[in-house]
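Note that the structure is a prediction, hence the values are computed from the model and not measured. Order of the sequence lines fixes the chain letters, A, B, ..., with proteins taken first and strands second; residue numbering starts at 1 for each chain.
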Number of protein chains: 2
Amino acid sequence: MNNRRFAVSVHILILLQQAQGSYVSSSYLAGSININPVLVRKELINLRKHGFVQAREGKNGGAALAKPAADIRLADVYHAVREKNILGENRTEPNPKCPVGKQINGHLEEVYHSAEQALVRQLESETLASFSKRFT
Amino acid sequence: MNNRRFAVSVHILILLQQAQGSYVSSSYLAGSININPVLVRKELINLRKHGFVQAREGKNGGAALAKPAADIRLADVYHAVREKNILGENRTEPNPKCPVGKQINGHLEEVYHSAEQALVRQLESETLASFSKRFT
DNA sequence: TCATCTGTAATAATTGTTGTTACAGTACAA
DNA sequence: TTGTACTGTAACAACAATTATTACAGATGA
């Protein structure tokens, strides 16, 4: 990720879902999340790129959901903010002269992949609609 | 985590497993992993705390596995390096005056928990022994 | 008693993340 | 047609987290 982005994105989407189609400004969103509006706008651009939200510029502009909350799974949001495997990209180059070092990243990658798959499958079970029902 | 620690710990354990009980120095381990020996020693201290390895000080000292590789699951290693939920600790305080902000961390935590559970269950299926079979 | 190792602290360097400022461009509304 | 309230975006500053480095006391074996 970075992981924070997942929380921010979900937070944004929940707020938009509650706005029921009316356009919400990045400052308002930022106020609820308690982060900088520019970060929100960046996140919105990403969410838009993935088809979750639409934006309107200019006065009374803002963002709104682009599709029904029932059609947005938390797993989809996860994919939208995912940058690398959650268990960690292998940033270092282990020693290629060592038989273990030479192979380990490849083997770890397989483990990482299946572990992340399991996590994603779990996130597939919850949609923005079902998740937002928790908010009373 | 931080995620890197998981890879480092697994790497260490694989090397120790291959050493078949003989003691391996932190410099040697660091050389294969290609990181600083002090980091390795810190990681070894953690692995020891969790009962995976034993250490011997002084000349010809080093580390060795403290239990059979078959009794160490990757999930156990994960727990040993885990610091917070992998999907992210909610570092920021959302606006408590916002009905969504006030509740979201609690609700996210539940989602995070079940997602991580799924990931861990997957890691339970692989032991250090089975994983090390991949190395030829 | 020397050499080699761990354990540990303190601190520096590096990288990653988040916040801030600034401003061009869009759209509405008076 | 001009002011106001927004987005989109870049550039950069501040801060946090991670990793590396240096240093050294203490253990152990030869």
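Between its opening and closing five pairs, the helix from C:dT1-D:dA30 to C:dA30-D:dT1 changes axis direction by 10°, a value rounded to 10 degrees.
Across D:dT19, D:dA5, D:dT21, the shortest atom-to-atom separation from the side chain of B:Val38 is found for D:dT21. Here the side chain of A:Arg48 is nearest to one of D:dG8, D:dT19, C:dA10, namely D:dG8. For B:Lys59, the side-chain atoms get nearest to D:dT28 when compared with the rest of D:dT28, D:dG3, C:dA10. Which of D:dT21, C:dT8, D:dT7 sits closest to the side chain of B:Ile45 comes down to C:dT8. When distances are taken from the side chain of A:Ala55 to each of D:dT28, D:dG8, C:dG19, the shortest belongs to D:dG8. With D:dA20, D:dT7, D:dA30 as the choices, the nucleotide that has an atom nearest any side-chain atom of B:Asn36 turns out to be D:dA20. Nearest to the side-chain atoms of B:Glu57 among the listed nucleotides C:dT6, D:dG8, C:dA27 stands C:dT6.
Checking B:Tyr78 against B:Glu124 by side-chain atom types alone, no donor-acceptor pair falls below 3.5 Å. Side-chain contact of B:Arg73 with B:Thr127: a donor-acceptor pair under 3.5 Å is absent, judged by distance alone.
Between B:Gln103 and A:Thr136, the closest side-chain pair of non-hydrogen atoms falls below 4.5 Å. The closest side-chain heavy-atom distance from A:Asp76 to A:Phe52 is below 4.5 Å. Using a 4.5 Å heavy-atom threshold, the side chains of B:Leu119 and A:Glu116 count as separate.
Between A:Lys42 atom NZ and C:dT17 atom P there is a gap of 12 Å when expressed in whole angstrom units. Spacing between atom CG of A:Leu39 and atom C1' of C:dT17 amounts to 9 Å, rounded to whole angstrom units. Atom pair A:Leu47:CG and D:dT7:P shows a separation of 14 Å (rounding to whole Å applied). Look at CZ on B:Arg41: it is 12 Å from C1' on D:dA25, rounded to the nearest Å. Summarising the geometry, the separation between CG on A:Leu44 and P on D:dC6 is reported as 14 Å, rounded to the nearest angstrom.
The number of heavy-atom neighbours closer than 6.0 Å to OH of B:Tyr23, taken from other residues, nucleotides and ligands shown, is above 12.
Salt-bridge check for A:Arg134 with A:Glu126: passed, with a basic side-chain N closer than 4.0 Å to an acidic carboxylate O.
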